[in-house]
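Note: hydrogens, waters and symmetry copies are ignored here, and every other heavy atom, side chains too, is used. The chain is numbered in sequence order, starting from 1.
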Amino acid sequence: QVQLVESGGGLVQAGGSLRLSCAASGGTFSNYAMGWFRQAPGKEREFVATISRSGSNTYHADSVKGRFTISRDNAKKTVYLQLNSLKPAAPAIYYCAAPSIAIMTGDVAKYVYWGQGPQVTVSS
């Protein structure tokens, strides 16, 4: 059983930056690919980025490519999401998650362990 605890959300102005962290416990962190998703009120959970077990491979959704960066530190059992050039948007909950399969994926149905999700609000 893997537990995930995120931190780093908050209110930021458009054009600003935030760094989200997700600390894992209860499992062998390096055995899991990891992902970040977000969900705005009334909308489905949306894939943001995923990273391989070693961290050598990443994939970002087109909507965030070039602005957001996923990374991980296996020694610290932590995955990060750097959010740059943030655009004005409705508040969204950002979730980190670990899938049931070993490879990275953007398929939300493959993810079985979820954090509680910090909220990110971008003001104009």
Side-chain angles (χ1 to χ4, degrees):
Q1 190 78 5
V2 176
Q3 291 82 44
L4 302 170
V5 178
E6 298 110 327
S7 59
L11 173 66
V12 62
Q13 287 190 329
S17 298
L18 277 178
R19 189 193 197 200
L20 306 182
S21 300
C22 173
S25 62
T28 303
F29 182 66
S30 58
N31 285 349
Y32 294 91
M34 297 294 296
W36 283 95
F37 293 79
R38 64 185 178 187
Q39 188 169 21
K43 295 190 175 182
E44 294 187 352
R45 197 162 295 190
E46 172 190 24
F47 165 73
V48 175
T50 183
I51 189 166
S52 63
R53 290 178 293 170
S54 68
S56 59
N57 293 298
T58 62
Y59 182 76
H60 298 77
D62 288 344
S63 59
V64 305
K65 201 168 291 183
R67 300 186 298 118
F68 293 6
T69 303
I70 189 173
S71 62
R72 70 189 294 162
D73 185 334
N74 284 345
K76 294 183 178 180
K77 299 183 180 181
T78 301
V79 62
Y80 305 96
L81 185 68
Q82 179 68 40
L83 294 71
N84 295 331
S85 302
L86 284 162
K87 299 178 179 179
I93 305 295
Y94 279 73
Y95 299 94
C96 77
S100 58
I101 57 176
I103 60 174
M104 60 184 196
T105 175
D107 184 354
V108 64
K110 296 291 194 295
Y111 286 80
V112 293
Y113 301 111
W114 294 87
Q116 82 286 357
Q119 179 168 292
V120 174
T121 303
V122 184
S123 64
S124 57

J.: For atom CZ of R45, is the number of surrounding heavy atoms from other residues, nucleotides or ligands below 6.0 Å larger than 12?
T.: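 Atom CZ in R45 is crowded, with more than 12 foreign heavy atoms closer than 6.0 Å.
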J.: Between W114 and L4 (side chain of the first, backbone of the second, donor and acceptor by atom type, cut-off under 3.5 Å), is there such a pair?
T.: no
J.: Does some side-chain heavy atom of S17 sit less than 4.5 Å from a side-chain heavy atom of Q82?
T.: yes
J.: So, does T78 use its side chain to make a donor-acceptor pair with the main chain of K76 at under 3.5 Å?
T.: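 Yes, because the side chain of T78 sits within donor-acceptor range (under 3.5 Å) of the backbone of K76.
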J.: Output the distance between atom CD (Q13) and atom CG (L86), rounded to the nearest 0.5 Å.
T.: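 Reported value, rounded in 0.5 Å steps: 11.5 Å.
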J.: With side chains defined as the heavy atoms from C-beta onward, is the minimum distance between W36 and F68 less than 4.5 Å?
T.: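 No, their side chains stay 4.5 Å or more apart.
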J.: Under the side chain to side chain donor-acceptor pair (under 3.5 Å) definition, can you give me all pairs with a residue in residues 89-104, not counting sequence neighbours?
T.: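 Qualifying pairs: R38-Y94.
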J.: Hey, is CD on Q119 packed in by over 12 heavy atoms from elsewhere, all under 6.0 Å?
T.: yes
J.: Near K65 NZ, under 6.0 Å, is it more than 12 heavy atoms from other residues, nucleotides or ligands?
T.: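 Atom NZ in K65 is crowded, with more than 12 foreign heavy atoms closer than 6.0 Å.
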J.: Run the numbers on V79 and I70 for side-chain contact (heavy atoms from CB on, under 4.5 Å), then give the verdict.
T.: CA-CA 7 Å; V79 62; I70 189 173; 4.0 Å; yes
J.: Say whether F47 and Y80 are linked into one hydrophobic cluster, either directly or through other cluster members, by side-chain heavy-atom distances under 4.5 angstrom.
T.: no
J.: Without swapping roles, check the side chain of T50 against the backbone of M34 for a donor-acceptor pair under 3.5 Å.
T.: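 Between the backbone of M34 and the side chain of T50 there is a qualifying donor-acceptor contact (under 3.5 Å).
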J.: Backbone N or O of G117 within a donor-acceptor pair of the E6 side chain at under 3.5 Å?
T.: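 Checking the backbone N and O of G117 against the side chain of E6, a donor-acceptor pair under 3.5 Å is found.
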J.: Is there side-chain contact between S123 and L11, with at least one heavy-atom pair below 4.5 Å?
T.: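 Heavy-atom side-chain distance check passes, below 4.5 Å.
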